[in-house]
Asks: 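Here it is, the structure in full.
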Amino acid sequence: MARVLHTSVVAPSPSPGGAALPERSLPLTYMDAMWLHTSPVERVFLFHRAHEHDDDDDAGTLLSNLQDSLSEALRSFYPLAGRLRLTPGTSNRHELHYQPGDGVSFTVAEYDHVGVGELATDEPTELARIAPLVPRLPEGGAVLALQVNLLRRGGLAVGVTVHHAACDGACSTHFLHTWAWAAASRGATIAPEPPVIGRTFIRDRDDLYDAFAAPRPYRDRDGKLLRSPDAVVDKLLATFVLSEDLLRNIKGTVAREAARRGLSPLPPPTTSTIATYGFIWHCYYRAKESRAGGGNDDRAYAVFAADHRARLDPPVPATYLGNCLGLCFATGSKKEITTAGAGGLLAACSAVAAAIDQATRPRGGDGGWGSWDACLERVVEAYGAGVPLTLAGSPRFRVYDVDFGFGRPAKVDIVSVARTGAMSVAEGRGGAGGTEVGISLPPDGMRRFRRCFADAAVACLSSTSPVELAGAGLSSEL
């Protein structure tokens with residue numbers, strides 16, 4: 001476990017004129033209320049040589065700078081320093097309420113058990129070694145907590161926990177980029193744009209708000225409570241890299257198979273996003289089906305979010321602070337999606353493309369949600385057959401550009417996927433393109449998934465030269 005040195009509360013800094021922020025409330029929209037009863041999102045950023053571990057003065061300067069810059073960033077993102085509460089005089093409306101004295105929990109801890117090199121690996125790692133690096137949200141409605149961990153040999157881990165009802169991934173990473181800029185530059189470069197705070201951009205939907213805000217136990221078509229993801233105990237976390245070459249070969253494999261079958265091009269054309277989601281979904285269900293007694297339902301499901309900021313009418317500002325997401329529901333024949341080779345990839349990518357097209361088609365101001373009954377029907381269908389593959393993160397968030405002044409992260413993990421059953425997605429490290437995907441599974445499930453990933457990757461790369469296969473870290477003998 002990490003040894004906590006101290007915990008403080010960091011408040012937003014006063015305005016340049018010295019005035020403190022006044023008390024303010026920001027009501028939740030139905031897009032925020034959808035996340036009221038979900039688990040928080042937990043990320044950890046790992047950095048090499050952020051300080052000299054044996055130099056207390058150096059570590060103290062670094063921590064002081066992180067606290068000061070956090071206070072500066074919170075001045076613009078003040079709702080994240082507030083508390084989630086019921087709106088006074090209501091029974092089910094919620095708001096982010098900030099008042100002077102509020103702030104964000106900032107914990108400093110030592111973690112001498114491992115160094116960055118042991119944690120910043122793509123290989124399966126025990127969750128028990130990573131989980132202590134992220135903080136818990138304090139009681140009382142806090143929506144953001146931070147923990148800075150001093151690691152062995154000068155490494156640093158920054159753990160970030162965010163309540164999803166406060167904001168989506170685009171907003172939370174916007175905050176992290178702003179904090180990092182304040183820590184590293186302080187005017188040397190152009191600051192990120194400030195967030196747009198307001199609730200006039202998203203049309204009210206009382207029916208959806210009431211349904212999302214209610215802590216109701218959803219049941220499947222047989223009346224049984226919907227199953228939750230497996231417990232975190234004994235799970236592993238691993239990263240799987242889809243290089244530019246692999247993504248290009250996935251797209252080519254799908255296009256060739258579609259042409260062989262005389263099918264029309266996928267609507268829309270197979271993008272890197274579709275190739276990534278489809279490939280991982282194909283591997284995920286193949287790994288599940290390879291388990292003895294791997295389930296009897298004949299449908300496979302994937303649920304993921306699409307940013308609707310540019311799709312609503314009128315559009316929502318790109319820097320809007322809050323949630324602005326719609327859900328994509330992909331489904332297909334489990335038999336087809338788990339078919340080895342090009343056929344399974346075509347089925348998976350086709351279903352993902354259709355789900356994105358359905359969810360992002362222009363529909364006016366409600367984000368394509370339609371009626372609550374239709375939403376509930378899709379949720380029950382997806383979860384009624386077991387926990388579907390879900391998604392956290394996006395390559396667009398540029399998490400590897402979060403530099404506090406001591407270099408880019410050696411690794412970024414979304415630790416909460418172990419609890420939610422999601423896969424995490426980020427841009428590839430090192431500027432070489434591609435996508436990296438985080439998966440958390442028990443040891444036996446991880447072995448099956450790794451085998452399915454390698455088999456599917458080799459199938460896509462089989463038309464390339466042995467040199468290219470070796471460069472992708474794969475062997476045709478797998």
Side-chain angles (χ1 to χ4, degrees), residues 2 4-15 20-26 28 32 35-36 39-45 47 60 62-85 94-109 132-150 156-184 186 191-192 194-195 197 319 321-323 397 399 402 404-405 412 414-416:
V4 173
L5 301 180
H6 60 84
T7 298
S8 57
V9 175
V10 178
S13 63
S15 66
L21 290 172
E23 182 174 358
R24 297 173 178 174
S25 292
L26 190 67
L28 300 193
D32 302 316
W35 307 99
L36 273 169
S39 299
V41 179
E42 300 167 337
R43 273 191 181 87
V44 61
F45 294 75
F47 298 91
L62 180 146
L63 293 170
S64 177
N65 180 48
L66 287 176
Q67 284 190 271
D68 291 346
S69 54
L70 172 61
S71 178
E72 184 178 336
L74 287 172
R75 184 170 67 237
S76 298
F77 288 83
Y78 71 87
L80 300 184
R83 298 292 181 269
L84 191 62
R85 71 173 190 179
H94 297 76
E95 64 184 14
L96 284 172
H97 177 248
Y98 171 82
Q99 59 184 356
D102 282 345
V104 171
S105 173
F106 184 90
T107 297
V108 177
L133 301 175
V134 293
R136 292 184 177 274
L137 288 177
E139 298 291 334
V143 297
L144 174 64
L146 302 163
Q147 181 171 316
V148 177
N149 306 273
L150 306 175
L156 195 79
V158 178
V160 183
T161 302
V162 183
H163 197 307
H164 210 320
C167 63
D168 57 23
C171 177
S172 64
T173 50
H174 180 200
F175 160 74
L176 290 172
H177 283 286
T178 302
W179 178 23
W181 172 86
R186 294 192 175 277
I197 299 174
T319 55
L321 193 156
N323 287 278
F397 296 162
V399 292
V402 175
F404 292 94
V412 181
I414 299 184
V415 182
S416 49

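The first residue in the sequence is number 1, and the count goes up from there.
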Asks: Determine the minimum heavy-atom distance between Ala165 and Asp32, stating which atoms define it.
Replies: O-CB, 3.4 Å

Asks: Measure the spacing between CG of Leu62 and CD of Gln67 and express it to the nearest 0.5 Å.
Replies: 10.5 Å

Asks: How close do Arg43 and Val134 get, counting heavy atoms only, and between which atoms?
Replies: O-CG1, 3.4 Å

Asks: Residues in side-chain contact (heavy atoms from CB on, under 4.5 Å) with Glu95, at least two apart?
Replies: Ser25, Arg85, Thr87, Pro88, His97

Asks: Can you list the residues that meet the ring pair (Phe, Tyr, Trp, His ring centres under 6.0 Å) rule with His164, with sequence neighbours excluded?
Replies: Trp35

Asks: So, using ring pair (Phe, Tyr, Trp, His ring centres under 6.0 Å) as the criterion, who are the partners of Phe45 when residues are at least two apart?
Replies: none

Asks: Distance from Leu321 atom CG to Cys167 atom SG, nearest 0.5 Å?
Replies: 6.0 Å

Asks: For Val104 and Ala81, work out which heavy atoms get closest and say how close.
Replies: CG2-CA, 3.9 Å

Asks: Please walk me through it: do Val399 and Leu176 pass side chain to side chain contact (heavy atoms under 4.5 Å, CB included)?
Replies: CA-CA 9 Å; Val399 292; Leu176 290 172; over 6 Å; no

Asks: Looking only at atom types and distance, does a side-chain atom of Asp102 sit under 3.5 Å from a main-chain N or O of Gln99, one as donor and one as acceptor?
Replies: yes

Asks: Taking the side chain from Ser71 and the backbone from Ser13, do they hold a donor-acceptor pair closer than 3.5 Å?
Replies: yes

Asks: Considering all heavy atoms of both residues, which atom of Leu74 and which atom of Val10 are nearest to each other, and what is their separation?
Replies: CD1-O, 3.5 Å

Asks: List the atom of Ala180, the atom of Phe404, and the distance in Å for their closest heavy-atom pair.
Replies: CA-CD2, 3.6 Å

Asks: Drop me the distance from Leu80's CG to Leu96's CG, to the nearest 0.5 angstrom.
Replies: 7.5 Å

Asks: Search all heavy atoms of Val44 against all heavy atoms of Ala157 and return the closest pair with its distance.
Replies: CG2-CB, 4.0 Å

Asks: Would you please name every residue forming a side-chain contact (heavy atoms from CB on, under 4.5 Å) with Pro135, sequence neighbours left out?
Replies: Ala145, Gln147, Thr161

Asks: If we check side-chain contact (heavy atoms from CB on, under 4.5 Å) with Phe106, which of these qualifies: Val9, Val148, Leu144?
Replies: Val148

Asks: Distance check, rounded to the nearest 0.5 Å: Phe175 atom CZ versus Phe77 atom CZ?
Replies: 7.5 Å

Asks: Between the side chain of His177 and the main-chain N/O of Phe397, is any donor-acceptor distance below 3.5 Å?
Replies: yes

Asks: Apply side chain to side chain contact (heavy atoms under 4.5 Å, CB included) to Leu66 and Trp179, showing your working.
Replies: CA-CA 8 Å; Leu66 287 176; Trp179 178 23; 4.2 Å; yes

Asks: Could you list all the salt bridge (Lys or Arg N to Asp or Glu O under 4.0 Å) pairs where at least one residue sits in residues 164-174, not counting sequence neighbours?
Replies: Asp168-Arg309

Asks: So, taking the atom named CZ in Arg75 and the one named OG1 in Thr178, what distance separates them when rounded to the nearest 0.5 Å?
Replies: 11.5 Å

Asks: So Pro138 and Ser105, do their side chains get closer than 4.5 Å, heavy atoms only?
Replies: yes

Asks: State the CG-CG distance between Leu150 and Leu156, to the nearest 0.5 angstrom.
Replies: 6.0 Å

Asks: Begin from the C-alpha positions of Leu84 and Leu28 and carry the test side chain to side chain contact (heavy atoms under 4.5 Å, CB included) through to its verdict.
Replies: CA-CA 9 Å; Leu84 191 62; Leu28 300 193; 3.8 Å; yes

Asks: Which residues pass the side-chain contact (heavy atoms from CB on, under 4.5 Å) test with Arg136, not counting sequence neighbours?
Replies: none

Asks: Keeping Ser64 on the side-chain end and Gly60 on the backbone end, is there a donor-acceptor pair under 3.5 Å?
Replies: no

